[in-house]
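Accompanying notes for the structure given below.
Order of appearance sets the numbers: ligands from 1, and atoms from 1 within every ligand.
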Amino acid sequence: MAKYRIAWMPGDGIGVDVMDAARIVLDAIALDAEFIHADIGWEFWCTEGEPLPQRTIDTLKTCDCALFAAITSKPKEEAEAELIPELQGQGLTYRSPIVRMRQLFDLYVNLRPCKAFKGNPLNYRDDLNLVVFRENTQGLYAGVEFHPLPAEVREALEAHSSRMAAFHDVPLEDIALSCRIFTRRGCQRIVRRAFEYAQRHGYPTVTLVEKANVIRETSGLMVREARKIAAEYSGIELWETNVDAMAMWLVKNPQNYGVIVSSNMFGDIVSDLAAQLVGGLGFAASGNIGDDFAIFEPTHGSAPKYAGQYKVNPTAMLLAVKLMLDWLGETETAQALEQAIADTIVEGKVRTYDLGGSNTTLEVAEAVAARL
Ligand code: GGG
């Protein structure tokens, strides 16, 4: 029996291309693992009305972790129009399979390292090593949304907040509401993971990105809990920054930052900004991590127009493999893989089009594999 059972989820679009690249590298390191294919993505929405079939959830439950590439998703009306005729008109609603997996498996950490690899022509600066901890299960992405606003929800809100008076005359069908739900435990655990990481990797600061001067209750809860946790880590300073200011500072002085922690939506935005500083989504991997299960993926989507052309940069996918190896405790192999990726980049001989080269996705993976 193999040491690890890993769910294998290419998804669709270029997800398939970059997963083939991941396989080349995993074969080269000869990880003692069984890879179990699991269905996910647009095809299963169109044909089954469910982009994350129950059989996939069942498979995930039998695995140590999962490697996932990319999926397509489309706005509500387009999604409904692409269902097979038998499934149309049944009131099926597309739900993000990524968000669902995060919630189903309580993968509350979205870990997004953004490291500038030497020789990457797309680096904004060469001295960046940012790591974003984004809360992954609650906040504005909790999925508690209304449109039209139910009358009883309006009544309850009016009973609790005088500010609702401003909307009293707006018809219910003209109001949409998305709830930003924070829990004390949710705030505590993401901040604690960020501090633990900072301590383990020698970062002197953790920067909390919120907007507590305006969003006083949710951001405020996060800030208050972060201050308590920070008090337990004497060598690490807590920096508190508003999200709008952070966007500016990350462009002005990104080298001043290290570990960054934020809630779901702000963390999503800040981590994309941070990714662009080190070459863009082609270099951005993420780990969706819970207490005993994790899913690793490149942060890019499925880029359908490039699907099957094997021209996109697989580096983000390969870095996702590296994160997975770290999480599995295969630290030396993870380090060797990162070094092979870094060496391939700095040598600059094998490059995909985004870096000015003409090599294929698989050629980049082979160049990395050759160094392992
Ligand atoms: N690897 C990340 C990915 O595939 N992203 C595509 C995406 O964000 N889709 C929206 C969704 O979650 O449905």
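- Taking the six-membered ring where tryptophan is involved, the planes of F105 and F293 are tilted, since the angle between them lies from 30° to 60°.
- In this structure, R112 pairs ionically with D272, as a charged nitrogen and a carboxylate oxygen lie closer than 4.0 Å.
- Ion pairing between E217 and R180 fails under the 4.0 Å rule for side-chain N and carboxylate O.
- Each of the following atoms of ligand 1 lies closer than 4.0 Å to a heavy atom of G301: 3 (C), 4 (O), 5 (N), 6 (C).
- In the vicinity of Y94, heavy-atom distances shorter than 4.0 Å reach the ligand 1 atoms 13 (O).
- In A69, the part holding a heavy atom less than 4.0 Å from any atom of ligand 1 is the backbone.
- The distance from ligand 1 to the heavy atoms of A70 drops below 4.0 Å at these ligand atoms: 1 (N), 4 (O).
- Look at R95 and E50 and you find a salt bridge, because one of the NZ, NE, NH1 or NH2 atoms lies within 4.0 Å of a carboxylate O, short of that distance.
- Salt-bridge annotation for E210 and R216: absent, with no side-chain N of the basic residue lying under 4.0 Å from a carboxylate O of the acidic one.
- Considering backbone and side-chain N/O of F68, none are found under 3.5 Å from N/O of ligand 1.
- A salt bridge between R55 and E48 is present, with a side-chain N of the basic residue lying under 4.0 Å from a carboxylate O of the acidic one.
- Between W239 and Y257, the two ring planes are perpendicular [angle over 60°; tilted spans 30° to 60°].
- Per-residue contacts place S96 under 4.0 angstrom from the following atoms of ligand 1 (heavy atoms of the residue considered): 11 (C), 12 (O), 13 (O).
- Using a 4.0 Å cutoff on heavy atoms, S302 does not count as a contact of ligand 1.
- Under the 6.0 Å distance and 45° angle rule, R193 does not count as a cation-pi partner of F133.
- Neither the backbone nor the side chain of W45 comes within contact range of ligand 1; no heavy atom lies under 4.0 Å.
- Those atoms of ligand 1 that come under 4.0 Å of a heavy atom in T299, given as number and element, are 2 (C).
- Distances between N or O atoms of I98 and those of ligand 1 include no value under 3.5 Å.
- At a 4.0 Å heavy-atom cut-off, ligand 1 touches S73 through the side chain alone.
- In terms of protein heavy atoms, atom 3 (C) of ligand 1 is closest to H300 O, 3.3 Å.
- Nearest protein heavy-atom neighbour of atom 6 (C) of ligand 1: I71 O, 3.4 Å.
- Here is the list of ligand 1 atoms found below 4.0 Å of a heavy atom in E297: 1 (N), 2 (C).
- Between D20 and T361, the closest side-chain pair of non-hydrogen atoms is not below 4.5 Å.
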